[in-house]
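Worksheet: one structure, shown below.
Here is how names work: the chains are called A, B, and so on, in the same order as the sequence lines, proteins then strands, and each is numbered from 1.
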Amino acid sequence: MSKVIKVDYLARVEGEGNLFVELSDGRVSRVEVGIFEAPRFFEAFLRGRKYYEVPDITARICGICPIAYIMSSSRALEKILGAEVPEEVRKLRRIVYLGEWIESHVLHILMLHAPDFLGYESVLSMARDYPDIVRKGMKLKGWGNQVISVVGGRSVHPVSCRVGGFHRIIRRDELLPLLKGLGQARDYARELLEWVLKLPMPDLKRDVELVSLRGVGEYPILEGRVVSNKGLNVPEDVFENILVVEQAKYSTSLRYALKDRGHYVVGPLARYNNNYDLLDPEVRGVVESYGYGAPLHNSFQSIIARAAEVYHAVLELEELISNYREPQQPYVEGVVRRGVGAAITEAPRGMLYHRYEINERGYVINANIIPPTSQNLASIEEDLLALSDKLATLNLEEAQWLAEQTIRNYDPCISCATHFLKIRYVTHPKP
Amino acid sequence: MWVSLTGLYVGRVDSLRVLFDELRRSGYFVVGYRVVDGVLRLGELSSFDELAQGVEDVQGPGRYSLISGSFYRHGPDSPKKFLYPPYLTLFKVSSGWDVVVPVREVRRLAFFGLKPCDLASIKVLDRVLLGVDDYYESLRKNMVLIVENCTTPGNTCFCSTMNTGPRARDSFDLAYTRLGDKLVLEAGSVLGLKLLNVLEVEPIDDATYERFEATMRNASEKARAGFELNGLPEELELRIESKVYEKVTEKCLGCANCNMVCPTCFCFDVLDVPLIDGSAERVRVWDGCLNFTYGQVAGGHFRPDLWARYRHFVLHKFAYWVKQFGTFGCVGCGRCITWCPTGIDLRETVRSVLRGGKSG
Amino acid sequence: MRKLKVAVYKFSSCDGCQLQFLNLEDELLQLSDLIEFALFYEARRFVGSGPYDVAFVEGSISTPHEVELIKKVREESKVLVAIGACATSGGIQALRNWADAEEYKRYVYPRPEWVEVLRYAEPPSKYVKVDYEIRGCPVSKDQLLSFVLQLLKGKTPPTLPVDSVCVECKRRGNVCVLVAKGIPCLGPVTMGGCGALCPSYGRGCYGCYGPMIDPKPDALNARFKELNIKPKEIQLLFKQFTNWSKEFRKVVEEYE
Amino acid sequence: MGKYMTALTPLKATITRVRTESWNVRTYYVRLPEGVELPKPGQFNMLYVHGVGEVPISVSDLDVESRVVAHTVRFVGSVTKTFELLKEGDVIGFRGPYGIGWPMDVVTGKNIVLVAGGIGLPPLRPVIREVAKNRGMYGKLIILYGARTPEDLMFSYEYGDYESIPNTEFYVTVDRPSDGWRGNVGVVTNLIKHVDVNPSDSYAFVCGPEIMMRFAVQELLKKGFKTNKIFLSLERRMKCGVGLCGHCQMGPYFVCKHGPVFPLWFISRYFWVDQI
């Protein structure tokens with residue numbers, strides 16, 4: 001007897017994807033997480049653009065995590081230009097990036113993911129039974145968006161960031177009003193974390209390699225070495241060299257594996273496990289008081305990592321905003337010259353890799369972007385295989401829901417995932 | 001309107017600081033020019049040191065920059081920004097139809113170092129808004145005007161032609177002129193008299209007077225537009241179908257920057273904003289005749305072509321305004337020339353129209 | 001009052017415009033009392049069948065599948081609203097319209113024959129009647145809300161700003177970056193609605209709301225030339241997020 | 001509250017009746033708020049729809065006793081379209097009356113020729129009412145009315161009343177007749193040449209689209225009307241109604257304040273100028 005779990009249009013994810021699971025004889029025989037998002041050719045039309053346009057253009061890959069695209073591309077290009085941003089500018093970048101983490105994570109926890117754990121089809125219906133946490137979560141998300149808006153002008157595709165820093169100095173008197181909402185944000189972030197820690201957690205244990213940046217003295221966002229729970233430790237510049245690319249025929253996105261190591265996972269769970277010691281002690285305290293800690297291996301528990309990061313982000317923002325000093329110059333210029341530069345930053349969904357090659361007049365001649373969701377696709381399918389027994393016992397409706405929830409564990413951003421210029425480098429390696 | 005009460009007196013330039021402090025001490029919010037991001041901005045100053053010093057604005061059609069120097073004119077802001085704010089909520093109406101007009105704080109403003117053209121712009125707005133706009137009126141009644149006469153008009157200035165400068169003749173509380181480290185002062189109101197009393201001044205001596213007159217004469221020569229005001233409204237209206245407007249408008253973007261920076265443009269639009277709680281508000285916002293929507297009605301448009309909108313701007317300032325309010329709408333400050341992104345020169349337009357025939 | 005039945009669709013896009021519904025943190029729950037999100041994949045598993053009172057459509061039409069879908073959306077929606085630069089002008093994807101699509105496919109895909117895309121990425125209005133447009137990359141959530149509230153009051157078309165960014169820029173008290181700094185700015189030809197964000201943050205407008213009503217891009221182009229801005233840079237300025245709009249396209253073509 | 005805010009803040013008014021005039025025109029009867037003076041023929045009011053906007057609408061009828069004023073609205077713009085949702089008992093915002101109306105005092109004892117095009121009839125209806133009420137005070141009344149199609153004709157239910165006013169002629173025409181139309185066909189300005197009055201003794205009141213008014217004026221001039229005997233009611237964009245917002249300027253005149261009714265000589269310098 002065989003049954004088919006088919007979801008034509010994955011809901012509560014960013015972008016367009018579908019799911020096909022075939023079970024025969026009580027085993028999952030085929031899993032396909034398809035992506036039918038239309039290809040948008042970003043890497044192709046980045047060629048011929050001026051280097052300074054790249055952050056604004058790549059931001060348009062994803063409306064949920066534009067800051068991540070802006071930061072990875074800016075840092076990659078700054079490497080070529082030899083532009084080292086001063087500490088104040090770096091701190092401001094951290095501020096705006098943490099704002100995005102809050103906005104994106106709370107969106108996912110509350111509006112996309114938590115309804116699964118409690119059996120609601122959406123946050124709108126969940127809000128009827130959980131009005132308090134939904135209201136608080138929305139406020140918290142709003143505060144995160146406000147952080148981005150103050151620094152960036154608007155929360156989706158902000159306008160103030162540029163290669164080398166910011167277009168103008170963001171004044172202290174603009175940032176300080178954010179502190180007014182901070183007390184509330186802190187309380188709500190803690191409540192949200194505690195609420196998440198109490199959610200019923202489906203069981204799924206799988207031994208996977210969890211890859212993230214490793215922070216130095218602070219939780220990683222903007223930079224760091226690439227590490228894993230299985231001993232990987234390389235600089236960002238060589239990351240691309242240790243990757244293998246696969247392609248599934250049923251999807252328009254690529255999948256990635258680590259050379260000689262296999263599939264891997266990026267994202268909040270990886271960050272959390274690899275940098276647990278760098279989380280604010282207050283955050284660890286709350287997590288541990290509910291019997292959790294690190295490492296977490298169940299991908300359903302990514303929601304805990306996300307909530308922990310939200311609380312951490314609020315606490316760190318308090319520190320960063322209170323101590324903010326205006327930089328002398330809003331940005332550093334660097335020298336336009338021919339070169340190649342690569343950088344990784346931690347998007348809410350995990351490591352976002354950008355590499356650019358520009359010519360002596362500052363025009364892009366090659367671009368490669370590896371978004372987190374592409375890196376996780378293979379693992380998503382493996383999770384579904386690992387749930388095989390359970391899926392086989394459930395009725396179709398329940399099985400379908402569990403399968404969707406499993407996918408949503410990864411907060412997949414399918415809009416991002418359709419950027420896979422990587423193929424070119426694999427099939428036609430450059431000398 | 002008031003005129004000079006005292007005639008001219010002489011003091012020292014550093015007494016401006018005393019004057020500033022006196023205004024602050026008397027509870028005024030002092031508004032003057034300061035340098036922000038390389039541009040002279042009109043804003044509230046908490047100390048005399050914030051006032052722009054040692055800079056000069058270089059203005060030309062579509063160009064503005066600051067260099068070091070000893071005399072400056074102005075920036076894009078004019079007193080309009082304070083007296084006739086760009087956004088003003090007219091009323092809020094609840095879902096149950098309670099109409100509430102927001103209570104507005106009326107601050108006691110002291111404009112410090114305004115140039116005569118800007119003083120003139122307030123006089124023009126007075127004609128339009130006094131007795132009509134009560135918010136304007138309440139600000140205006142509580143206001144002090146300290147005017148700095150213009151010793152060096154800029155490239156886009158034409159106050160002499162418009163009879164608004166370079167020397168302020170009336171309607172100020174105190175007018176001063178910097179001559180090196182000397183300050184020539186004149187009070188135009190009782191309040192100005194009181195302020196003058198705080199400073200140490202002497203009646204003007206012959207030598208200083210001559211220097212003052214020469215300086216003003218020179219300044220006056222620099223601020224001419226190349227046309228005369230006598231008969232100008234009639235001359236322009238006779239040439240109402242001039243083709244010059246179409247020609248000039250080839251460069252025009254229709255962006256309405258000229259309207260926005262003009263210190264006398266008072267047209268407004270209203271925004272009706274429905275809110276999620278079922279209430280609504282109505283907000284008055286600056287509008288300008290260069291905007292396409294300005295003359296648009298449902299199912300029609302009175303000035304669909306940009307040249308017609310530009311012609312309205314020119315004729316309003318130099319012809320219609322006189323009929324409407326008994327004064328020219330233009331004060332010769334030159335802001336619309338400087339801040340036009342493509343540098344369209346109003347003076348040149350007027351000259352061309354006058355040069356051409358009825359349809360030239 | 002009956003709730004307005006709303007569908008939110010995505011075509012080739014980044015999700016940022018429909019996300020603005022979810023970014024209405026202070027209003028979303030109240031809003032869901034006034035309108036029913038009958039179809040909104042990004043937010044709900046539940047899908048209510050059509051017909052819909054209003055469909056908000058994000059993204060441009062760039063694949064044959066999307067052509068079919070937009071026709072279906074049109075059929076089952078009383079009012080179709082295009083939201084954002086992609087849905088109103090083709091958006092960022094339209095950058096590929098300027099190049100050889102086949103070359104692009106080969107550049108990006110090892111098996112280009114699997115990739116089925118249209119020659120041009122274009123706004124839905126190319127294929128179906130679009131009733132209203134909300135501009136911006138992304139749309140402003142305030143405009144989105146205001147649009148919905150006006151629609152609920154029966155105001156058609158709901159009014160949104162259509163004059164230049166300059167008007168909002170000056171109302172906001174900004175200094176003209178073009179005049180004072182010589183920074184190339186598309187504000188004088190771009191439709192307002194953003195509140196002049198870019199000049200407020202010290203840079204020139206990049207035209208993400210597309211051409212304003214009755215724009216004069218030729219005059220601005222001429223001014224850029226006078227200011228000695230390099231031809232390629234002028235082209236890139238107009239060739240951004242609304243490059244495929246009729247008025248900006250003309251300037252881009254001049255430099256092709 | 002100061003003068004300005006009073007001038008720009010609407011008063012609450014209740015709709016007492018809604019009457020359908022044509023497929024896209026309805027008349028809204030509004031009871032005047034207390035303290036508001038009675039409008040005169042040719043004046044207009046600013047009507048505000050909650051959270052939607054405000055529009056200038058001329059007075060199309062007036063009941064002095066009950067202080068109910070009629071406003072005939074065509075659903076063309078985004079604000080007027082929302083009027084379609086308004087019904088008896090609804091509240092709207094009211095400001096007015098504004099502007100200078102038809103010069104009824106000047107035309108005492110004279111013949112009056114009314115030329116109305118389309119939505120131009122409602123502002124002239126109070127003139128017809130006034131003449132009917134005080135028939136002895138005026139000379140001959142000639143009403144010329146044109147609409148695009150028979151379906152666009154307004155107030156057809158009272159044409160009999162017009163015709164029964166002593167010493168009155170009433171002519172209707174349509175541009176595009178539909179089946180069954182037996183009346184005149186053609187633009188309303190064509191009717192002017194057939195009018196039998198002595199121009200030196202007569203006044204013409206014209207209201208309609210701007211283009212129609214230009215043709216009407218040409219015909220009236222040909223007929224021998226002097227420019228001080230032709231009165232026009234102009235339409236412009238209006239946001240305030242009191243001469244402040246600037247939108248309604250025609251040349252130096254604020255249509256809302258100096259008009260909307262002007263004698264031709266007063267505006268003739270600008271009236272013929274393209275896009276003035």
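Rounded to the nearest 0.5 Å, atoms CG (A:Asn145) and CG (C:Leu19) are 7.5 Å apart. Within the model, atoms CD of C:Glu42 and CG of A:Leu107 stand 6.5 Å from one another, a figure rounded to the nearest 0.5 Å. Distance check: A:Asp56 CG to C:Cys208 SG gives 9.5 Å after rounding to the nearest 0.5 Å. In this structure, the separation between CG on C:Leu28 and CG on A:Leu124 is 5.5 Å, given to the nearest 0.5 Å. Rounding to the nearest 0.5 Å places CZ of A:Phe45 at 10.5 Å from NZ of C:Lys239. With rounding to the nearest 0.5 Å, the separation of SG in C:Cys14 from CZ in A:Phe42 is 7.5 Å.
Interface check for chain A: of the options C:Ser200, C:Ser62, C:Ala99, C:Gly59, the most heavy-atom pairs under 4.5 Å are formed by C:Ser200. The greatest number of non-hydrogen atom pairs below 4.5 Å with chain A, out of C:Ala101, C:Pro138, C:Gly202, C:Ala121, is found for C:Pro138. Annotation: maximal heavy-atom pairing with chain A below 4.5 Å, among C:Val47, C:Val117, C:Ile92, occurs at C:Ile92.
In terms of the side chain to side chain contact (heavy atoms under 4.5 Å, CB included) criterion, residue partners of A:Ala347 (sequence neighbours excluded) are, by chain and number, A:Ala68, A:Tyr97, A:Leu352, A:Pro372.
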Note to self: C:Tyr201 vs A:Ile170, test: side-chain contact (heavy atoms from CB on, under 4.5 Å). Steps then yes/no.
What the structure shows: CA-CA 8 Å; C:Tyr201 279 84; A:Ile170 306 299; 3.8 Å; yes

Note to self: Between A:Lys139 and C:Asp26, is the side-chain contact (heavy atoms from CB on, under 4.5 Å) condition met? List the steps.
What the structure shows: CA-CA 7 Å; A:Lys139 278 266 173 229; C:Asp26 293 333; 3.3 Å; yes

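The two residues C:Ala43 and A:Ser122 make their nearest non-hydrogen contact at O-CB, 3.3 Å. In plain terms, the two heavy atoms of A:Ser155 and C:Asn23 that are nearest each other are OG-ND2, 3.7 Å. Taking both residues in full, the closest heavy atoms of A:Gly153 and C:Leu197 are given as O-CD2, 3.3 Å, listed atom of the first, atom of the second, then distance.
Only the side chain of A:Tyr363 comes within contact range of chain C, with heavy atoms under 4.5 Å apart. Neither the backbone nor the side chain of A:Val106 has a heavy atom closer than 4.5 Å to any heavy atom of chain C. Proximity to chain A is limited to the side chain of C:Gln20, based on heavy atoms less than 4.5 angstrom apart. Heavy atoms closer than 4.5 Å to chain C are found nowhere in A:Arg162, neither backbone nor side chain. Only the side chain of C:Ser32 has a heavy atom closer than 4.5 Å to any heavy atom of chain A.
A:Arg49 contributes a side-chain N or O that, together with a main-chain N or O of C:Leu236, makes up a donor-acceptor pair within less than 3.5 Å. For A:Arg60 (side chain) and C:Cys137 (main-chain N/O), a donor-acceptor pair under 3.5 Å exists by modelled atom type. With hydrogens and angles ignored, the 3.5 Å screen pairs no side-chain donor or acceptor of A:Arg154 with any backbone N or O of C:Val139. The backbone N or O of C:Lys232 sits nowhere less than 3.5 Å from a side-chain atom of A:Lys50 that would complete a donor-acceptor pair. Remark: the backbone N or O of A:Val159 is paired with a side-chain donor or acceptor of C:Arg203 at under 3.5 angstrom.
For C:Glu233, the CD atom is densely surrounded, since the number of other residues' heavy atoms within 6.0 Å is greater than 12. The neighbour count for A:Gln329 CD, taken as heavy atoms of other residues, nucleotides or ligands under 6.0 Å away, does not exceed 12.
Annotation: salt bridge (Lys or Arg N to Asp or Glu O under 4.0 Å) contacts involving residues 135-146 of chain C, sequence neighbours excluded, comprise C:Glu25-C:Lys141, C:Glu133-C:Arg135.
Taking the side chain as every heavy atom from C-beta outward, C:Arg45 and A:Pro115 never approach each other to under 4.5 Å.
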